[in-house]
Number of protein chains: 2
Amino acid sequence: MGRWEPNARGRLEQAALELYVERGYEQTPVAEITKRAGLTERTFFRHFADKREVLFGGSGRLEELCAGAVAAAPAAATPMEAAVAALDAAAGVFEERGDLVRLRQSVIDANAELRERELIKLASLSGALADALRDRGVPDLTARLTAEAAIAVLKVAFGCWIHGPGKRTLRQLVGECVDALGAAVAGEPA
Amino acid sequence: MGRWEPNARGRLEQAALELYVERGYEQTPVAEITKRAGLTERTFFRHFADKREVLFGGSGRLEELCAGAVAAAPAAATPMEAAVAALDAAAGVFEERGDLVRLRQSVIDANAELRERELIKLASLSGALADALRDRGVPDLTARLTAEAAIAVLKVAFGCWIHGPGKRTLRQLVGECVDALGAAVAGEPA
DNA sequence: GCCGCTCATGACAGTGGCTGCCCTCGCGTA
DNA sequence: TACGCGAGGGCAGCCACTGTCATGAGCGGC
């Protein structure tokens with residue numbers, strides 16, 4: 001037993017999500033979060049760069065997971081196939097924690113600042129994917145475009161998964177979006 | 001001659017860009033901008049929702065331009081062709097004001113908050129493109145994916161145009177990126 | 001068994017982004 | 001002439017975030 005309760009960071013994350021759900025992000029001062037977590041405001045900002053970041057603690061691990069999936073794809077896989085392997089890995093993580101993901105997303109969708117933060121996390125993920133593709137010897141332009149296309153698929157598939165009727169799994173939706181993107185880019189008429 | 005100098009909004013935009021270039025975004029308090037523009041802080045926030053927004057005044061017009069280009073594309077054009085027409089229109093605007101665009105982009109690239117704001121403007125543009133495509137009768141999923149793909153192309157082509165050797169026009173780069181994206185999504189090996 | 005180091009947290013003051021509220025005053029209009 | 005409108009000013013205040021110093025449990029070294 002230490003001088004303080006353990007897992008301060010985790011307590012802050014949980015208290016923040018709870019309060020953002022209960023009152024909304026904007027109506028929740030950081031002081032409220034730290035009060036619920038039994039800590040001080042100063043400590044919050046030692047663990048998280050800002051009030052938004054507390055919702056995005058897992059983004060680093062997600063990047064690593066996706067980059068690992070690209071690296072682990074068969075040598076014969078095309079760049080797009082390797083990127084889709086990363087999306088499948090990410091989809092698995094989301095589906096495991098479906099309820100938490102939906103709760104978190106409802107908070108993000110309700111606030112513009114949080115949507116901004118989500119977009120920069122996706123952009124960072126796109127960069128990580130592009131790096132991993134380059135490590136496979138994919139040329140720079142192809143790597144960047146493939147990564148951006150993969151993120152586009154993830155955005156759209158994730159949106160369908162969250163807001164749609166919920167009959168299909170996220171992995172299935174990713175597959176459908178990849179096909180639909182292929183058809184659209186190949187110039188199929190509407 | 002009114003009670004005040006005319007074009008307060010424009011003066012604020014110009015003063016802000018100048019100061020962001022001279023000292024950097026973070027080192028420029030809003031009070032400095034308003035001092036240079038001969039106004040008060042309160043007035044700044046009447047014209048712009050926040051300190052970032054002053055750099056993004058043109059985004060609304062860009063959306064309208066792109067949506068108009070999609071609407072104006074030939075009826076026989078595929079969704080992707082209509083979206084590329086929008087990118088060409090946008091590229092034309094950027095190329096007209098090349099120096100200003102580069103200056104502005106150097107400020108944005110230097111600051112994470114501004115990059116976030118840029119991303120949400122691009123996401124908003126993607127939404128406007130998707131709406132315009134739906135108005136052409138394009139199915140929802142195809143519209144969203146086509147719009148996201150177009151934004152991906154714009155991001156990559158714009159990056160090449162800004163940071164590259166500068167021999168090719170932005171329109172040429174857009175064309176090359178569209179082709180490269182087509183090849184990547186079609187599953188060409190690296 | 002004490003010494004001193006580390007390191008997570010507390011305490012507190014300060015900066016600056018942003019807002020609400022009320023005031024000012026030139027202008028167009030009845 | 002009177003009146004309202006609208007752009008801007010003034011001011012108090014909230015809150016996100018930071019710099020700085022203090023505190024005190026755990027812990028290895030001796």
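In what follows, every chain begins at residue 1, and chains take the letters A, B, ... in the order their sequences are listed.
When rounded to the nearest whole Å, the span between CD1 of B/Ile33 and P of C/dG16 equals 13 Å. Note: CZ (A/Arg52) to C1' (C/dG17) measures 12 Å, nearest angstrom. Regarding A/Phe44, its CZ atom lies at a distance of 11 Å from the P atom of D/dT18, rounded to whole Å. As rounded to whole Å, 14 Å separates atom C1' of C/dT15 from atom CZ of A/Phe45.
Residue pairs that meet the side chain to side chain donor-acceptor pair (under 3.5 Å) test with at least one member in residues 55-69 of chain A, sequence neighbours left out, are A/Glu63-A/Ser124. For residues 13-27 of chain A, the set of pairs meeting the salt bridge (charged side-chain N to carboxylate O under 4.0 Å, His left out) definition, not counting sequence neighbours, comprises A/Arg9-A/Glu13, A/Glu18-A/Arg36, A/Glu22-A/Arg36, A/Arg23-A/Glu32. Every pair tested for salt bridge (charged side-chain N to carboxylate O under 4.0 Å, His left out) that includes a residue from residues 81-106 of chain A fails, sequence neighbours excluded, so the list is empty. Pairs passing the side chain to side chain donor-acceptor pair (under 3.5 Å) check and including a residue from residues 47-56 of chain A, sequence neighbours excluded, read A/Tyr25-A/Arg52, A/Asp50-A/Arg117, A/Arg52-A/Glu113, A/Glu53-A/Arg117, A/Glu53-A/Lys121.
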All N/O donor-acceptor pairs, side-chain side in residues 140-150 of chain B, below 3.5 Å, sequence neighbours left out:
unit_1, atom_1, unit_2, atom_2, d
B/Asp140, OD1, B/Arg134, NH1, 2.4
B/Asp140, OD2, B/Arg144, NE, 3.3
B/Asp140, OD2, B/Arg144, NH2, 2.8
B/Thr146, OG1, B/Thr142, O, 2.6
B/Glu148, OE1, A/Lys155, NZ, 3.4
B/Glu148, OE2, B/Ser126, OG, 3.3

Result block: side-chain N/O donor-acceptor pairs under 3.5 angstrom for residues 161-170 of chain A, not counting sequence neighbours:
unit_1, atom_1, unit_2, atom_2, d
A/His163, ND1, A/Gly159, O, 3.3
A/His163, NE2, A/Asp109, OD2, 3.4
A/Arg168, NH1, A/Glu176, OE1, 2.6
A/Arg168, NH1, A/Glu176, OE2, 3.3
A/Thr169, OG1, A/Gln172, N, 3.1

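Of all the residues in residues 25-32 of chain A, A/Thr28, A/Pro29, A/Val30 reach under 4.0 Å from DNA chain D with at least one non-hydrogen atom. Within residues 105-118 of chain A, no residue approaches DNA chain D, by heavy-atom distance under 4.0 Å.
With sequence neighbours excluded, the residues that form a side chain to side chain contact (heavy atoms under 4.5 Å, CB included) with B/Ala69 are B/Ala86, B/Ala89. For A/Val178, the side chain to side chain contact (heavy atoms under 4.5 Å, CB included) test picks out A/Val84, A/Val153, A/Val174, with sequence neighbours left out. Partners of A/Ala132 according to the side chain to side chain contact (heavy atoms under 4.5 Å, CB included) rule, which considers only residues two or more places apart in sequence or in another chain, are A/Ala67, A/Val70.
Proximity of a side-chain donor or acceptor of A/Arg171 to a complementary backbone N or O of A/Leu87 within less than 3.5 Å is not detected.
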Nucleotide by nucleotide, nucleotides 3-12 of chain D touches protein heavy atoms under 4.0 Å in the pattern (B base, S sugar-phosphate only, - none) ---BBBBBB-
